Amino acid sequence: MGQIAQNDDRLYSVRDAAEYLGGVSQYSVHAWMSQKRLVRTKVAARTMIRKSELDRFVREGGKAPTAKGCQ
């Protein structure tokens, strides 16, 4: 059997993402998603945000992802 890659790209709810970003409001997270500064991931009816996206958001100072980084 092959090894399974360890990928810790968890999905965060909007509430958990707001907490992860230092306790900002959920309204701020929703605004950033509307402005395309944060990329959301839909899971059924839920809006989730990947940990890698939150890390990118922090690393790039809240800027929108580049076209290269978008899917």
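Just so we're clear, the structure is a prediction, and the values are computed from it rather than from any experiment.
The environment of CZ in Arg15 is sparse: at most 12 heavy-atom neighbours from other residues, nucleotides or ligands sit within 6.0 Å. Within a 6.0 Å sphere centred on CD of Glu19, other residues, nucleotides and ligands contribute 12 heavy atoms or fewer. Counting heavy-atom neighbours within 6.0 Å of Lys42 NZ, excluding the residue itself, gives a total above 12.
In this structure, the side chains of Phe57 and Val39 stay at 4.5 Å or more apart for every pair of heavy atoms.
The shortest non-hydrogen separation linking Arg37 to Pro65 is O-CD, 3.9 Å. Scanning both residues, Arg40 and Ser34, for their nearest heavy atoms gives NH2-N, 3.7 Å. Taking all atoms of both residues into account, the shortest heavy-atom contact from Ser52 to Asp9 is N-OD1, 2.8 Å.
A side chain to side chain contact (heavy atoms under 4.5 Å, CB included) with Leu54 is found for exactly one of Asp16, Val29, Leu21, namely Leu21.
By the 4.0 Å N-to-carboxylate-O rule, Arg56 lies close enough to Glu53 to be salt-bridged with it. By the 4.0 Å N-to-carboxylate-O rule, Lys51 lies close enough to Asp55 to be salt-bridged with it.
Hydrophobic clustering (ILVMFWY, side-chain heavy atoms < 4.5 Å, transitive): Val14 and Val58 are in one cluster. Neither Leu11 nor Met33 shares a network with the other; the hydrophobic side chains, linked directly or stepwise wherever heavy atoms of I, L, V, M, F, W or Y lie under 4.5 Å apart, form separate groups for each.
Note that the OG1 atom of Thr47 and the CG atom of Leu38 stand 12.0 Å from one another [nearest 0.5 Å]. Remark: Met48 CE to Thr41 OG1 distance equals 9.0 Å, nearest 0.5 Å.
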